[in-house]
Amino acid sequence: MSESRYGPEFWRAIWANGGAAFTAGERGQLLATHWPELEVPPECKVLVPMSGKSPDLAWLASHKFEVVGVEISPIACEAFFAEHQIAADCTAVGAFMRWRGGGVTILQGDFFDLDGTYAAALDRGALVALPPQDRRRYARHLRSLLEPGGVLLLVTVEYDPMRRSGPPFPVFPDEIRQVFPGAVERSRRPLRRARWTAVGGADAVVWAMRV
Ligand SMILES: C[S@@+](CC[C@H](N)C(=O)[O-])C[C@H]1O[C@@H](n2cnc3c(N)ncnc32)[C@H](O)[C@@H]1O
């Protein structure tokens with residue numbers, strides 16, 4: 001369990017205060033562009049760590065993947081299914097509450113308690129939600145959940161760390177190559193929203209890695 005101020009309690013409070021602004025971020029065509037390049041066969045199990053109520057869950061399910069999100073906040077889980085008008089069933093499974101409906105599973109609990117294996121993972125907003133001291137452990141755990149030959153699509157953000165503090169944290173290529181060996185940069189584009197121009201600009205960077 002993280003002891004940093006950006007641990008599970010921080011995120012539960014964000015959701016309790018209705019402050020899930022990150023869900024409305026600039027998603028663009030990222031999945032449509034980059035996911036097919038990974039050649040993940042349909043029906044495979046795809047992990048979305050720290051999923052929130054991300055529309056990516058619905059996108060992956062609609063493309064016939066068996067998608068499993070992991071999210072600490074019950075508010076986010078409930079919101080995902082309510083917004084997609086899906087009646088979800090909710091059952092206790094080990095350390096998690098499992099929400100399931102419409103081809104999407106969200107395991108509500110701490111990502112660090114997750115086990116099992118997955119053919120692929122999508123990290124958008126997970127690594128960058130963690131402060132530097134928690135990222136190595138996170139990456140090690142995520143890698144351990146991928147099958148041999150499994151793939152990761154990762155989205156990071158880069159901006160001047162002197163201009164802003166708190167999540168999303170900027171994570172730069174040197175660190176990505178350390179924690180996800182073999183990761184290759186696939187694309188980089190400037191983020192245009194006012195919150196980013198206010199800090200001198202930011203880039204969204206897409207990485208792919210095969211275990
Ligand atoms: C920046 S948000 C990104 C959400 C989502 N991936 C998206 O693209 O909209 C980070 C999410 O991680 C969740 N989270 C933080 N720590 C977690 C943990 N230890 N286990 C599971 N979820 C966690 C938060 O509640 C929050 O929904």
Side-chain angles (χ1 to χ4, degrees), residues 1-32 34-35 46-61 65 67-84 93-99 104-116 118 120-142 144-145 152-159 164-171 191 193 195-196 202 204-207:
M1 182 69 77
S2 169
E3 288 172 13
S4 86
R5 62 172 291 213
Y6 298 109
E9 288 316 315
F10 170 85
W11 289 102
R12 283 197 194 96
I14 295 261
W15 283 101
N17 294 322
F22 43 81
T23 307
E26 299 166 55
R27 292 185 182 261
Q29 289 299 302
L30 186 138
L31 273 185
H34 292 288
W35 192 262
V46 178
L47 172 65
V48 182
M50 307 196 185
S51 61
K53 57 172 186 171
S54 171
D56 298 335
L57 297 167
W59 189 95
L60 287 163
F65 296 102
V67 57
V68 180
V70 184
E71 168 54 46
I72 201 81
S73 164
I75 296 172
C77 300
E78 193 171 359
F80 174 82
F81 291 105
E83 287 174 16
H84 291 82
V93 179
F96 295 90
M97 288 302 292
R98 184 184 66 197
W99 298 64
V104 173
T105 299
I106 306 181
L107 297 174
Q108 182 225 317
D110 192 331
F111 171 73
F112 292 99
D113 290 334
L114 184 70
D115 56 18
Y118 296 83
L122 169 67
D123 175 328
R124 166 142 57 175
L127 183 73
V128 298
L130 297 168
Q133 66 271 25
D134 293 338
R135 294 201 288 256
R136 186 172 287 275
R137 176 173 166 242
Y138 164 82
R140 198 183 317 123
H141 189 52
L142 178 53
S144 78
L145 296 167
L152 167 68
L153 191 70
L154 165 70
V155 187
T156 59
V157 60
E158 295 181 11
Y159 58 85
R164 186 181 185 281
S165 63
F169 295 94
V171 186
L191 292 166
R193 285 203 299 174
R195 73 189 284 207
W196 297 120
V205 185
V206 178
W207 297 86

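Whatever order the structure lists them in is the order used to number ligands and atoms, beginning at 1.
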ask   = Near Asp110, which atoms of ligand 1 are under 4.0 Å from a heavy atom of that residue?
value = 18 (C), 19 (N), 20 (N)
request  = Give the C-alpha distance, both sets of side-chain angles, the deciding distance and a yes or no for side-chain contact (heavy atoms from CB on, under 4.5 Å) between Trp11 and Met50.
outcome  = CA-CA 10 Å; Trp11 289 102; Met50 307 196 185; over 6 Å; no
task = Search all heavy atoms of Ile106 against all heavy atoms of Gly52 and return the closest pair with its distance.
result = CD1-O, 4.3 Å
key: Side-chain heavy-atom pair Asp123, Tyr138 within 4.5 angstrom cut-off   = yes
query = Any idea which atoms of ligand 1 are less than 4.0 Å away from a heavy-atom of Gly109?
reply = 20 (N), 21 (C)
request  = Work out whether the distance between some heavy atom of Pro55 and some atom of ligand 1 is less than 4.0 Å.
outcome  = no
query = Backbone or side chain, does any N or O of Glu71 fall under 3.5 Å from an N or O of ligand 1?
reply = yes
ask   = Any nitrogen or oxygen of Phe112, main chain or side chain, under 3.5 Å from a nitrogen or oxygen of ligand 1?
value = no
task = Please step through side-chain contact (heavy atoms from CB on, under 4.5 Å) for the pair Leu107 and Val93, ending with a clear verdict.
result = CA-CA 9 Å; Leu107 297 174; Val93 179; 5.5 Å; no
request  = Please determine if Arg124 has a nitrogen or oxygen closer than 3.5 Å to a nitrogen or oxygen of ligand 1.
outcome  = yes
key: Heavy-atom check, side chain of Trp196 versus side chain of Arg164, under 4.5 Å   = yes
query = Ala126: heavy atom below 4.0 Å from ligand 1, yes or no?
reply = no
inquiry  = When you compare ligand 1 with Gly125, is there at least one nitrogen or oxygen pair between them that comes in under 3.5 angstrom?
reply    = no
key: Nitrogen or oxygen atoms of Met50 and ligand 1 under 3.5 Å apart   = yes
query = Considering only heavy atoms from C-beta outward, does the side chain of Trp15 approach that of Ile72 to under 4.5 Å?
reply = no
request  = Taking the side chain as every heavy atom from C-beta outward, state whether His141 and Leu114 have any pair of such atoms under 4.5 Å apart.
outcome  = yes
ask   = In terms of atom number and element, which parts of ligand 1 are under 4.0 angstrom from non-hydrogen atoms of Trp15?
value = 24 (C), 25 (O), 26 (C), 27 (O)
